[in-house]
Amino acid sequence: MSECFRKVFILNNEILKCNEFSSGLIYFGESVYEVIRISNGLPIFLDDHIGRLFQTAELRQRKLWLNKKEIESKINQVIELNNEKQGNIKLVFNYPAPGLNTGNFLVYFIEHHYPTKEQEETGVSTILYFAEREFPAAKIINQALRSVIFKKLIDTHAYEALLVNNEGYITEGSRSNVFFTKKDIIYTASNGEVLSGIARKYILEICENIGVKVNFEKVHSERISDYNGVFLSGTSPGVLPVSCINDVKFDPHCKTILKIRDSFRKVSGR
């Protein structure tokens, strides 16, 4: 099934129909990417996403051949061409061979899965998955890991997989950041150990503004029952309570989580 949704996408300077999309354009070689949420026809946290795109390229010793203004123009063009006001757009800079700083640039709508009202109210189920991303601070496509986790989520009917490193510590979700709560204190891995999510950035700012203490400590997979609340953050989930990790239950109505979620909704315009 094609990753490209809606009617058309942009490949470099061409406008093509989605049925012309080829997965080889993004899975062959190395791809630096971002996923941006569109609300009422406007990209949310656009400057942050484009900034992280340049940061990832620098970490991977790559160069982006378009500037911020050109990238923003392509995003708006895809929104207008598809006449879509809601959804997720993916930006990809693909480098087909090592050492090359040119390749393909793509902008297209992807299928989105926003939490339902029920999931936001009662929380979502998650599983532990023992894996580590090779370059945690860089947002690059890892199709092999993504495919294995996707199948595992389908088999277990879970919403998300929490990655566990070789020391048994939970680092992040496969497509989200994760936070634990205990006695009104938030626990999460430090920025250098995980992808610095855009939603995560604003959540940490919110915690500082509302007086919620944050400890940058990873949680061990064998000690998760020591915590009363867990939540995920990301482009699609926003701030989303977790009801369980494997068979360990958590309180999706934790007051600290709900306070952070309400503040995040105001910041993100959700």
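This one's a predicted model, so the numbers in the text were calculated from it and none came from an experiment.
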Q: Please round to the nearest 0.5 Å and tell me the distance separating atom CZ of Arg6 and atom CD1 of Ile110.
A: 10.5 Å
Q: Is the cationic atom of Arg200 (NZ for Lys, CZ for Arg) positioned less than 6.0 Å from the six-membered ring centroid of Phe45 and within 45 degrees of its normal?
A: no
Q: Can a salt bridge be assigned to the pair Glu3 and Lys90 using a cut-off of 4.0 Å between side-chain N and carboxylate O?
A: yes
Q: If I compare all heavy atoms of Leu128 with all of Ser221, which pair ends up nearest, and what's the gap?
A: CD1-CB, 3.9 Å
Q: Output, in order, the C-alpha distance, side-chain angles, deciding distance and verdict of salt bridge (charged side-chain N to carboxylate O under 4.0 Å, His left out) for Lys255 and Asp184.
A: CA-CA 8 Å; Lys255 288 183 179 179; Asp184 298 326; over 6 Å; no
Q: Would you please classify the geometry between the Phe179 ring and the Phe231 ring as parallel, tilted or perpendicular, with 30° and 60° separating the classes?
A: parallel
Q: Of Asn142, Ile140, Asn165, Leu145, which is the lone residue that meets side chain to side chain contact (heavy atoms under 4.5 Å, CB included) with Arg133?
A: Leu145
Q: Looking at Thr181 and Val230, would you say the former's side chain and the latter's main chain have a donor-acceptor pair under 3.5 Å?
A: no
Q: Looking only at non-hydrogen atoms, find the nearest pair between Asn82 and Lys7 and report the distance.
A: OD1-N, 2.7 Å
Q: According to salt bridge (Lys or Arg N to Asp or Glu O under 4.0 Å), who are the partners of Glu217, at least two apart in sequence or on a separate chain?
A: none
Q: With rounding to the nearest 0.5 angstrom, report the NZ to CD distance, Lys85 to Glu80.
A: 8.5 Å
Q: Is a side-chain N or O of Thr56 found less than 3.5 angstrom from the main chain of Val32, in a donor-acceptor match?
A: no
Q: Does some side-chain heavy atom of Leu163 sit less than 4.5 Å from a side-chain heavy atom of Ile149?
A: yes
Q: What's the shortest heavy-atom distance between Ile44 and Ser39, and which atoms?
A: CD1-CB, 3.8 Å
Q: Take Ser243 and Thr122 through the side chain to side chain contact (heavy atoms under 4.5 Å, CB included) test and state the conclusion after the steps.
A: CA-CA 7 Å; Ser243 59; Thr122 62; over 6 Å; no
Q: Within the structure provided, determine whether Ile210 and Ser263 are in side-chain contact (heavy-atom separation under 4.5 Å).
A: yes
Q: Are the side chain of Arg52 and the backbone N or O of Ser196 linked by a donor-acceptor pair below 3.5 Å?
A: yes
Q: Are any of the side-chain heavy atoms of Phe93 and Ile71 separated by less than 4.5 Å?
A: yes
Q: Measure the shortest side-chain to side-chain distance between Val8 and Val78 over non-hydrogen atoms and say whether it is less than 4.5 angstrom.
A: no
Q: Evaluate the side-chain proximity of Tyr33 to Ile26: yes if any heavy-atom separation is below 4.5 Å, no if none is.
A: no
Q: Pro43 versus Ile89: any side-chain heavy-atom pair under 4.5 Å?
A: no
Q: Tyr108: which residues meet the ring-ring contact (aromatic ring centres under 6.0 Å, His included) condition with it, sequence neighbours left out?
A: Phe21
Q: Closest heavy-atom contact between Phe9 and Cys18?
A: CD2-CA, 4.0 Å
Q: Calculate, to the nearest 0.5 Å, the distance between atoms NZ and NZ belonging to Lys213 and Lys183 respectively.
A: 12.0 Å
Q: Has the side chain of Asn94 got a donor or acceptor atom that lies under 3.5 Å from a matching backbone atom of Phe28?
A: yes
Q: Taking the basic N atoms (NZ, or NE/NH1/NH2) and the acidic carboxylate oxygens, is any pair closer than 4.0 Å for Arg62 and Glu30?
A: yes
Q: I want to check a possible cation-pi pair here: Arg60 against Tyr95, using under 6.0 Å from ring centre and within 45° of the ring axis as the test.
A: no
Q: Have a look at Phe180 and tell me which of Tyr169, Phe216, Tyr227 forms a ring pair (Phe, Tyr, Trp, His ring centres under 6.0 Å) with it.
A: Tyr227
Q: Under 3.5 Å, is there a donor-acceptor pair between the side chain of Glu208 and the main chain of Glu205?
A: no
Q: Would you check if Lys68 and Ile50 make a side-chain contact, meaning some heavy-atom pair closer than 4.5 Å?
A: yes
Q: Side chains of Val178 and Glu160: does their closest heavy-atom pair fall under 4.5 Å?
A: no
Q: Using modelled atom types only, decide if a donor and an acceptor are shared between the side chain of Asn246 and the backbone of Val248 within a distance under 3.5 Å.
A: no
Q: Could you grab the distance from atom CG of Asn209 to atom CG of Leu204, nearest 0.5 Å is fine?
A: 11.0 Å
Q: With a 3.5 Å cut-off and no angle check, do the side chains of Asn13 and Lys74 form a donor-acceptor pair?
A: yes
